[in-house]
Amino acid sequence: MSKNKTELKKAVEIVQEITSKRKYHAYVLTGAGVSKASGIPTFRGEDGFWEVYDFDEVGTKAAWMRDPAKIWQLLHEGANIVLDAKPNPAHTAIAKLEERGIIQHTITQNIDSLHQKAGSKKVLELHGNLSRIVCIKCNKQYSLDDLPEELPPKCDCGGILRPDVVLFDETLPEKEIRHAFSVARKADLAIIVGTSAEVIPAASLPYLSKKSRAKIIIFNTEITDHKQIADVYIHGKCEKWLPIFTEEIIKEM
Ligand code: BJW
Ligand code: ZN
C-alpha cells in the first residue's frame, strides 16, 4: 500500500473513533494551498505571490499607509483572479464534512470566499475578505464593482477606501480570532489543509489544539512545522486526497 493510502486509513480510523463519541468538537483550518487548484496563487514557495512582490512594499500596514495607491494598482491587476475563482474538490469536500456533521467549523486564512461558495456555513475568516471594501474613516462598506475611478478610491466622507483584509502588523478581526481560539482549545480533532504554518496567530491554533489533546491530521504538498504535532500527515494535493478521505468517512457512517 502506498504511504498516503496507509496514512489515509489511519486518518479515517481516527475520525471514526472521535465521531463515535456522544460529543466532540472538530474543525478544519485552511490556507492558500486549498485554493491553488482554483487558480489562485499561494504566497510562499514556487510561483508564490511573495516571490513576485516584496511584502515590505505591499504586504504590511506601513506599506499601505505609505502608498495606498500602489496597493490599489495591484488589486486592479489581480483581484479578478480571486473574485472569479470557483471552488475546487477540496473546498467541496470540506463543505461536505460540515454538512455531514463531522466538523463544526472551518477557520480560514483565505480572503477568497471559496469555502462559502462551496457550501460551508460556519466559516471564520481570520484575514478578512477581498470582496469587502471599507472606508478607513467612517467604516462605510463598498462593493469592489462600485468604486470611484481615482486611485486610491475615496469615500463620500473623504476617507480612503481599503480592502477589508489583514496585512502584516495589523490585528486580526477580534470576534473571529477570539472564536477561533475557543474552537481550537476545545477541539478533539483538527484538520489542517494547505497552510505553510508560518504566519501567526493562525499557525498557533493547531498547537493549542494539540495541547488540549486533539488529534491533528494534515494535508499538504510540502512538510511544514506542523508536522511535529501531526498524528497523520497526508503529503499530497488536497484537491485529490481530501475528497477520498471524506468519501471514506461518509461510507463508513
Ligand atoms: C498545498 C497545495 C495543494 C500548495 N494541496 N497543499 C517575527 C516572528 C514571528 C512572527 C512575527 C514576526 N514579526 C511579525 C510577526 C507576526 C506576523 C507573522 O506571523 N509574520 C511571520 C511571516 C514571521 N503576523 C502578523 O503580523 C499578523 N498580525 C498580528 O500578529 O497582529 C498582532 C499585532 C499587531 C500589531 C502589533 C502587535 C501585535 C497578521 C498576519 C496577516 C497576514 N496577511 C496575509 C495577506 C492577507 C491579504 C491577502 O490574502 O492578500 O495573509 S500574508 C499571507 O500569509 C496571507 C495568508 O493568509 C498568510 C498565510 O499563508 P498560507 O495561507 O499559509 O499560504 P502559504 O503560501 O504560506 O502556504 C501555502 C501552503 O499550501 C504551503 O505549505 C504549500 O506547501 C501548500 N500547498 N498547494 C495542499 N494543492
Ligand atoms: Zn467614509
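Counting starts at 1 for both ligands and their atoms, in listed order.
Taking 4.0 Å as the cut-off between side-chain N and carboxylate O, Lys96 and Glu99 do not count as a salt-bridged pair. With respect to Lys210 and Asp231, a salt bridge is recorded, a charged nitrogen being found less than 4.0 Å from a carboxylate O. A salt bridge is defined here as a Lys NZ or Arg NE, NH1 or NH2 lying under 4.0 Å from an Asp or Glu carboxylate O, and Lys9 with Glu13 meets this definition. Checked for salt-bridge contact, Glu57 and Arg66 miss the test: no charged N lies under 4.0 Å from a carboxylate O. In this structure, Glu170 pairs ionically with Arg162, as a charged nitrogen and a carboxylate oxygen lie closer than 4.0 Å. Checked for salt-bridge contact, Arg44 and Glu222 miss the test: no charged N lies under 4.0 Å from a carboxylate O.
Heavy atoms from both the backbone and the side chain of Gln109 come within less than 4.0 Å of ligand 1. Counting heavy atoms under 4.0 Å from ligand 1, residue Arg44 touches it through both backbone and side chain. Neither the backbone nor the side chain of Val193 has a heavy atom within less than 4.0 Å of ligand 1.
A tilted orientation is assigned to the rings of Phe43 and Trp50, their planes being inclined by 30° to 60°. Ring geometry for Phe55 against Phe168 counts as tilted: the plane angle lies between 30° and 60°, on a 0 to 90° scale.
Each of Leu75, Asp112, Leu144 was compared with Val82 under the side chain to side chain contact (heavy atoms under 4.5 Å, CB included) criterion, and only Asp112 meets it. Here the options are Asn110, Leu172, Val165, the test is side chain to side chain contact (heavy atoms under 4.5 Å, CB included), and the partner is His127; only Leu172 passes.
Within the listing of ligand 1, atoms 48 (C), 49 (O), 50 (O) sit less than 4.0 angstrom from a heavy atom of Ile111. Against a heavy-atom cut-off of under 4.0 Å, Glu239 is close to the following atoms of ligand 1: 3 (C), 5 (N), 80 (N).
Distances from atom 17 (C) of ligand 1 to the heavy atoms of Phe168, Phe43, Trp50 put Phe168 nearest. For the residues Leu75, Asn220, Val199, the heavy atom positioned nearest atom 40 (C) of ligand 1 is part of Val199. Looking at Ile200, Val82, Asp169, it is Ile200 that brings a heavy atom closest to atom 11 (C) of ligand 1. Between the choices Glu170, His226, Lys237, Glu198, the shortest heavy-atom distance to atom 21 (C) of ligand 1 belongs to Glu198.
Ligand 1 has no nitrogen or oxygen under 3.5 angstrom from a nitrogen or oxygen of Leu172.
Gly194 O, 3.7 Å is the protein heavy atom nearest to atom 69 (C) of ligand 1. Shortest contact from atom 63 (O) of ligand 1 to any protein heavy atom: Thr195 OG1, 2.7 Å. In this structure, atom 51 (O) of ligand 1 lies nearest to the protein heavy atom His127 ND1, 3.2 Å. Of the protein's non-hydrogen atoms, the one nearest atom 44 (C) of ligand 1 is Val166 O, 3.8 Å. Nearest protein heavy-atom neighbour of atom 5 (N) of ligand 1: Cys238 N, 3.0 Å. Protein heavy atom in closest approach to atom 1 (C) of ligand 1: Thr221 OG1, 3.3 Å. Here the heavy atom of the protein found nearest to atom 33 (C) of ligand 1 is Thr171 CG2, 4.2 Å.
In this structure, the ring of Phe219 has its center less than 6.0 angstrom from the ring center of Phe245.
Note: angle at the Zn ion (ligand 2), from SG of Cys157 to SG of Cys135, is 100° (rounded to 10 degrees).
There is a side-chain donor-acceptor pair under 3.5 Å between Ser131 and Asn129.
Within 4.0 Å of atom 8 (C) of ligand 1, not a single protein heavy atom is present.
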